[in-house]
Every structure is written in C-alpha cells, then in structure tokens.
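These notes are about the structure you will find just below.
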There are 2 protein chains.
Amino acid sequence: MLKENRKKYHHGDLKAALVEAGLAELEEKGLESVSLRSIAARVGVSHTAPKNHFDGLRGLLTAMATDGFRRHAAEMQRGVEDHPPGKARLDAACNGYLRFALENPELFKLMFTSRFHLSDDDALKQAGWASYSVLRDVAHGLDWDKAGAPGGPWRTEWMLWSLVHGYAMLLIDGEIRREDDGAPPFRMDEIMPGFGYFPDVIDNRPKPFQGQRRGED
Amino acid sequence: MLKENRKKYHHGDLKAALVEAGLAELEEKGLESVSLRSIAARVGVSHTAPKNHFDGLRGLLTAMATDGFRRHAAEMQRGVEDHPPGKARLDAACNGYLRFALENPELFKLMFTSRFHLSDDDALKQAGWASYSVLRDVAHGLDWDKAGAPGGPWRTEWMLWSLVHGYAMLLIDGEIRREDDGAPPFRMDEIMPGFGYFPDVIDNRPKPFQGQRRGED
DNA sequence: CCTCCATATTTCCAATGTAAATTTTTCTTC
DNA sequence: GAAGAAAAATTTACATTGGAAATATGGAGG
C-alpha cells in the first residue's frame with residue numbers, strides 16, 4: 001500500500017525509474033555505451049540494485065525494448081485513426097513506423113536485436129505482437145490482400161513489413177543516405193510499391209503455402 | 001622479403017589469420033561473445049598482438065565485415081550469371097542476398113551494425129558498395145525501372161533493397177518464423193511484389209507496370 | 001515494540017579492451 | 001657478415017564492466 005503515489009520502499013518505484021533512465025541513457029550515449037552501472041548511477045542507486053527488479057542487464061534492456069514496442073505501436077496508431085481504411089491509412093501507419101525508427105534509432109535497434117534482450121519474455125513478445133498487429137490490420141484492409149491472394153494474408157503482411165522495416169534499418173545504419181535535414185530521401189508513399197504480383201506468380205495460382213505461422217495469437 | 005610464400009615475421013600472416021579466426025568465432029559464439037582475447041587465443045597469440053595490425057577490436061571487426069561484404073557480393077553474383085537480365089536474374093540475386101544472410105547471420109548483422117565497426121573505413125565502404133552494386137545492376141535491367149519511372153533509379157533500387165534487407169533481418173531476428181528446416185516461409189520470388197506503382201503515383205507517369213494490381217481495376 | 005522480508009548496499013571477482021614498457025625477431029644498411 | 005633500426009609480439013598494468021555473495025536498511029504486520 002503506497003502512502004503517496006511516489007514513495008514506496010527505499011527508493012520508490014525503482015523499476016520504472018530504471019527503465020526511464022535506461023531509455024534516456026540509450027538515446028544519449030548509444031546502444032554500445034549503456035551499462036548497468038551508468039543507468040543505476042543516473043538514478044542514484046548502486047549498480048546491483050537493479051538485480052532486485054530485473055534479470056541482469058538483459059532483463060533491463062528487455063523492459064526497455066518492451067516500452068519501445070508500446071511507443072512504436074502508439075506512433076503508428078496515431079495516424080491510422082485519422083484515415084479510412086485504404087492506401088491513406090497504410091501510408092499513415094508506415095509513416096509512423098518509420099518516424100519512430102528515425103526518432104529513436106538506438107531504441108529501435110535494441111527492439112530488433114535479440115542478442116540484447118530476453119526474446120522469450122512474455123511482456124516483450126506481447127508488446128511486439130501488438131505493435132505488429134497495427135500494421136497487420138491496416139494491410140488487411142487493402143484490395144491486394146483480398147481473400148484468394150496467393151500465399152494468403154501472411155505473405156502480404158510480411159511483404160509490407162519487410163519493406164518498411166528494411167527501409168528503416170537501411171536509413172538508420174546510414175546505408176541509404178538521408179537528406180541534410182534528416183528526412184529520408186523518399187517518403188513512405190513514394191517508396192511503396194503497388195504490391196501486385198508478378199504475372200508468373202499469378203498464373204500459377206493457387207500455390208500451396210502452409211508454413212505461415214508467426215508468434216501465434 | 002618472404003623466404004616462403006607465407007612465413008613473414010613471427011607468426012606469418014597474422015592479419016589474415018585473425019580475420020579468419022574472428023569469422024569462425026563469430027558464427028560459433030555469436031556477435032555478443034566475440035572478444036579480442038578469444039580471437040587472439042584461437043590464433044595462439046597474446047591478446048595485444050592484434051594491435052599491430054588493427055585499430056583495436058573495432059578495427060578487426062571492420063576487417064571481418066569487409067570480408068563479409070565480399071562474400072556477400074560473391075553469393076549474389078553466383079546465381080546472377082546463370083540467368084539473362086530480367087525477373088529470373090532478379091530472383092537469383094535476391095536469393096543470394098537472403099541465402100548469405102541466413103547462413104551467416106552473425107556476420108550479416110555485424111556488416112550492417114555500424115556501432116561495431118569503423119564505418120568510414122575505405123575498404124569497408126568499397127566492399128559494401130560493390131555488394132550493393134550487384135543488386136543495383138540487376139534492378140536496372142527490369143522493365144519497371146525503365147527511364148521515366150517516377151523517382152528515378154534510386155527509388156527502384158531502394159525499394160527492392162529495403163524489401164530484401166528487411167525480409168532477411170526479420171528472419172534472422174526471429175520476428176518472422178522460419179520452417180523447421182530453417183527455410184524461410186516464402187521464397188524470394190514469392191514475396192517479391194510486382195513493384196508497380198500505386199495509381200495515384202503512376203497516373204501522371206508514362207510507364208506503369210502492367211498487371212500490378214491483381215484482379216481489380 | 002519486535003520480527004520478517006523485500007529492498008538496497010558493500011565487497012569481491014572474473015573478464016574485457018586498451019595503453020605502456022619490454023623483449024624477440026626480422027629487415028636494412030654498411 | 002655484423003650492427004643498428006624497425007617491426008612484431010609479449011608482459012605487465014589498469015579502468016570498466018556484469019555479476020555473485022554477504023550484509024545492512026527500513027517499512028509492514030503482529
């Protein structure tokens with residue numbers, strides 16, 4: 001029972017404070033320089049204090065990545081609701097995806113680098129799936145994803161996801177050079193292909209695809 | 001003056017041996033576990049010996065990434081030469097891209113993670129560009145990249161690159177689950193969109209890609 | 001007030017990357 | 001060929017890191 005909304009045991013809500021401090025350190029110093037000790041020092045506790053709340057450094061990074069996925073989803077959702085289903089909504093979601101990645105590059109890389117976190121963490125998986133679902137739902141409203149499309153819905157989703165994710169990654173890593181003001185050279189709607197299918201694929205339809213499961217549920 | 005074809009100073013060609021050992025350590029233990037000391041130990045020299053040949057750990061990783069880009073290019077080029085320009089050649093190049101990524105996941109991640117290497121290294125930049133050029137050249141032979149395509153050649157290249165790269169990344173990170181035998185759920189030619197352009201983009205353009213939108217019009 | 005227990009600290013340790021000084025081997029020059 | 005110069009590699013040392021173990025702290029419930 002908390003007497004105030006802040007003070008609890010010794011520090012207060014150290015768990016949340018560590019995640020917040022970790023995110024700040026992350027964008028300030030970069031993924032290579034975040035350390036348990038620097039994060040703990042920022043909060044003002046000893047470097048072993050996080051042990052009571054997280055499973056080591058990777059546990060803390062996992063919580064940070066989970067928070068990242070939630071923000072990521074929110075960033076996509078932001079523009080989605082303003083547009084009716086269709087191309088405009090797709091663009092809005094993709095722009096959100098890209099915007100988040102470019103504004104939080106270190107966090108974005110952390111989210112998608114399994115070596116830094118505990119990939120089988122339940123909260124992380126759930127947040128990751130929720131984030132992906134925003135994109136997925138938008139894609140399902142498009143005409144090139146109508147029932148009967150070869151490969152089923154997974155193919156369309158992953159095609160779209162791969163494109164957006166790859167574009168974000170290449171921009172973050174500097175493989176594709178950005179404009180002087182930091183903007184990508186092409187907007188999402190400019191770099192979005194029609195996502196139609198090559199004639200030979202259409203002709204051979206229906207193709208049997210079966211292995212289309214992801215995290216499930 | 002080398003008395004034999006390899007023996008030079010004390011060890012011989014330590015520089016190449018370190019790169020080779022580093023690549024072995026990389027795929028065996030993963031990117032998080034490679035260390036200067038473990039690589040040096042594998043070669044049988046002290047942990048400070050690499051200092052004479054590389055600029056610290058990042059220098060060594062840079063050399064490894066450079067080697068990775070060369071192999072990457074070779075893997076793409078392998079299938080390209082067997083096919084005439086067109087969709088088949090595109091598939092071959094993309095399959096090479098993907099195959100390399102899935103067979104050398106740790107090296108692939110190293111290549112595209114600027115924080116681990118010295119991004120402004122000349123050899124690295126050149127090898128990276130050479131690798132990209134394989135994909136670029138193939139893309140330029142396609143009909144949806146003919147002169148007049150909106151956005152110019154860069155747009156087409158980056159659209160294609162983003163898709164392949166994103167698919168590879170999502171597979172490596174486990175975001176898109178692979179088959180039990182390790183194969184991706186969709187082959188490259190299955191997940192390749194027509195890369196035509198959305199109507200609102202192409203309507204005022206001379207060269208739309210025919211058959212881009214499946215079944216509807 | 002007193003005990004319990006989650007929380008946090010202190011202390012310690014192995015591993016890492018890097019720098020400096022030193023030793024060993026090879027090359028160059030006479 | 002010998003001596004000195006240069007290159008290569010080792011030894012030693014150090015600051016940082018993540019983590020383990022033992023200890024101290026302070027609020028909750030009796």
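Since the structure is predicted, the reported quantities are computational estimates derived from the model, not experimental observations. Per chain, numbering begins at 1; letters A, B, ... match sequence-line order.
The stretch residues 46-63 of chain A touches DNA chain D through His47(A), Thr48(A), Lys51(A), Gly56(A), Leu57(A), each having a heavy atom under 4.0 angstrom from the strand. Within residues 34-42 of chain A, the residues approaching DNA chain D are Ser35(A), Leu36(A), Arg37(A), by heavy-atom distance under 4.0 Å. Residues from residues 112-123 of chain B with heavy atoms under 4.0 angstrom of DNA chain D: there are none.
Checked by atom type and distance alone, the side chain of His117(B) pairs as donor or acceptor with a backbone atom of Leu110(B) at under 3.5 Å.
Note that the OG1 atom of Thr62(B) and the CG atom of Asp55(B) stand 8.0 Å from one another [nearest 0.5 Å].
Between Tyr97(B) and His165(B), the ring planes lie perpendicular to each other; the angle is over 60°, past the 30° to 60° tilted range.
For Asp181(A), the CG atom is densely surrounded, since the number of other residues' heavy atoms within 6.0 Å is greater than 12.
Atom pair Glu25(B):CD and dG17(C):P shows a separation of 11 Å (rounding to whole Å applied).
Taking a cutoff of 4.0 Å between a charged side-chain nitrogen and a carboxylate oxygen, Lys15(B) and Asp13(B) do not qualify as a salt bridge. Between Arg70(A) and Glu75(A) there is no salt bridge, since no side-chain nitrogen of the basic residue lies less than 4.0 Å from a carboxylate oxygen of the acidic one. Using a cut-off of 4.0 Å between Lys/Arg side-chain N and Asp/Glu carboxylate O, Lys125(B) and Asp121(B) are scored as not salt-bridged. Ionic pairing of Glu25(B) and Lys29(B) is present here: one or more N-O contacts between side-chain nitrogen and carboxylate oxygen are shorter than 4.0 angstrom. A salt bridge is absent between Arg155(B) and Glu190(A); no separation between the charged side-chain nitrogens and carboxylate oxygens falls under 4.0 Å.
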